[in-house]
K.L.:
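Sharing a structure with you now.
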Amino acid sequence: MPELVSLGLPGDEKAWTALGFTVDEHRRMPVGAVSCVVGMPPSWGFDELRGDASELGVPELLSENAAAAGPEQRLEQLLEHMSDDPSGADLTAALVVSSPHPNGVTFVDHIVYLVHDLDESVAALADVLGMPPRRRFHPRGPSGPEMAFYRVGEAFIEVVAARRPPALIGIAFGTPDLDATVAAVRAAGGPIGDPKPAVQGGRIASVWNGHIDWGIAFMEPPVGSGS
C-alpha cells in the first residue's frame, strides 16, 4: 500500500510557528510519519506509486525536491500495520508518541483533495495508488458533496467532488488532547476556533482560513478509538 511520506505546505515559518509547530532551519516540520516542508505550493510525496502521479493534478514532492530544503532525512514509519477501519480507529501507536511540537500534534489525520469529478478521480487514483477507496459516501447528507477516502499510511486522503480543478486545499492534524492543542495554538498567537464535534467523529478545531489562505484544522479522535 502506498504511504504518504512528505507534504509541501504553503505559508512561511512564522505562520506555522504561530500555530504551535516547531520548524527547523531547513523549513522542515516532521509530523508523525510525514515529513512536511513549509513555504511550498501544496504538494505530496509517496513512498511508492503504481502509476503516473501527474494524473492527479497535484505537484509531486519528489525526494530530491524535499532534500533541497535541507539534508536528506527519512522519517521512520510509526505504524507498520494500520487497521482496515476507514474511521482510523487503530491510532494507538501514533497517539502515544511524544510530539516534537508545542501544540502536541502527533500525526497527520487527513489531507483534503478537491476534484472536479469523483468518478474520474477515483479511476485516476486507482491507476496511481493501485487501490480503490476505503469508503465513498455523502458524509454531510444527500445535499452535501460526495467524498471518497483512501488510507495512505498514517493519514487519509479525503477526496471531495466540487466541480473545480484538482488541488490540495487543506490538512487536519491529529492530537490526543484537543483542548491542550487549542490552548497552545492561542498561546503562540494562532487564530483558532473552539473545538466542536467533527463529521468523522471526535472533535475538531479550525484555524482561521485567512491565516495562510489554506485550510488547517486540528482533530482529536473519538473516545475509544485508541486514544
Side-chain angles (χ1 to χ4, degrees), residues 4-46 56-62 65-70 73 75 99-115 145 147 152 154-160 162 164-175 177-196 198-200 202-220:
L4 182 72
V5 295
S6 57
L7 283 171
L9 304 177
D12 59 19
E13 178 181 349
K14 182 179 179 181
W16 288 99
T17 300
L19 297 180
F21 287 100
T22 298
V23 182
D24 71 17
E25 66 271 24
H26 306 296
R27 295 185 288 115
R28 289 185 178 277
M29 191 180 80
V31 180
V34 181
S35 179
C36 301
V37 184
V38 306
M40 299 187 68
S43 48
W44 53 19
F46 300 86
L56 305 179
V58 172
E60 187 178 5
L61 187 61
L62 302 174
N65 298 136
Q73 181 181 24
L75 295 175
S99 173
H101 306 290
N103 60 22
V105 161
T106 55
F107 64 101
V108 174
D109 185 89
H110 67 269
I111 52 175
V112 183
Y113 173 40
L114 200 70
V115 300
M147 301 183 188
V152 282
E154 269 187 356
F156 272 98
I157 302 174
E158 183 179 288
V159 189
V160 185
R164 288 170 53 186
L168 295 182
I169 64 164
I171 188 169
F173 296 100
T175 173
D177 187 340
L178 185 58
D179 293 320
T181 293
V182 168
V185 171
R186 288 174 175 166
I192 188 170
D194 294 330
K196 62 181 182 180
V199 173
Q200 304 92 328
R203 298 189 301 153
I204 188 170
S206 299
V207 173
W208 175 53
N209 196 62
H211 183 61
I212 60 171
D213 295 322
W214 204 61
I216 305 169
F218 297 89
M219 292 191 65
E220 178 184 281

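FYI, side chains are in, hydrogens and waters are out, and symmetry mates aren't considered; it's all heavy atoms of this structure.
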K.L.:
Measure across P10 and W16 and return the closest heavy-atom pair with its distance rounded to 0.1 Å.
P.N.:
O-NE1, 2.8 Å

K.L.:
Any non-hydrogen side-chain atom of T22 less than 4.5 Å from a side-chain atom of P102?
P.N.:
yes

K.L.:
Specify the closest pair of heavy atoms between V38 and M29, including all atoms of both residues, with the distance to one decimal.
P.N.:
CG1-SD, 4.1 Å

K.L.:
Mind listing the closest non-hydrogen atom pair of H101 and G20 along with its distance?
P.N.:
CB-O, 3.6 Å

K.L.:
Measuring from E154:CD to D109:CG, what's the distance to the nearest 0.5 Å?
P.N.:
10.0 Å

K.L.:
For the atom pair CE (M147) and OH (Y113), what is the distance rounded to the nearest 0.5 Å?
P.N.:
15.0 Å

K.L.:
The test is side chain to side chain contact (heavy atoms under 4.5 Å, CB included); show your working for E220 and T181 and say whether it passes.
P.N.:
CA-CA 10 Å; E220 178 184 281; T181 293; over 6 Å; no

K.L.:
Check the pair R186, D194 against salt bridge (Lys or Arg N to Asp or Glu O under 4.0 Å), reporting the backbone distance first and the verdict last.
P.N.:
CA-CA 11 Å; R186 288 174 175 166; D194 294 330; 2.6 Å; yes

K.L.:
Between V182 and F218, is there a side-chain heavy-atom distance shorter than 4.5 Å?
P.N.:
no

K.L.:
Is any side-chain heavy atom of V207 less than 4.5 Å from a side-chain heavy atom of F173?
P.N.:
no

K.L.:
Which atom names give the shortest non-hydrogen contact between P191 and L19, and what distance separates them?
P.N.:
CD-CD2, 4.3 Å

K.L.:
What are the two closest non-hydrogen atoms of V160 and P145, and how far apart are they?
P.N.:
CG1-CB, 3.9 Å

K.L.:
I want to check something: taking the side chain as every heavy atom from C-beta on, are I157 and W44 in contact at a cut-off of under 4.5 Å?
P.N.:
yes

K.L.:
Side chains of D179 and D177, heavy atoms from C-beta outward: is any pair under 4.5 Å?
P.N.:
yes

K.L.:
How close do L61 and S43 get, counting heavy atoms only, and between which atoms?
P.N.:
CB-OG, 4.1 Å

K.L.:
Nearest 0.5 Å, please: how far is CE in M219 from OG1 in T175?
P.N.:
11.5 Å

K.L.:
Strictly distance-based, threshold 3.5 Å: is any side-chain N or O of W208 a donor or acceptor partner for the main-chain N or O of G193?
P.N.:
no

K.L.:
Roughly how far, to the nearest 0.5 Å, is the CD1 atom of I111 from the CG atom of L7?
P.N.:
5.5 Å

K.L.:
Measure the spacing between CG of L178 and NZ of K196 and express it to the nearest 0.5 Å.
P.N.:
11.5 Å

K.L.:
Measure the spacing between CG of N103 and CD1 of I192 and express it to the nearest 0.5 Å.
P.N.:
8.5 Å

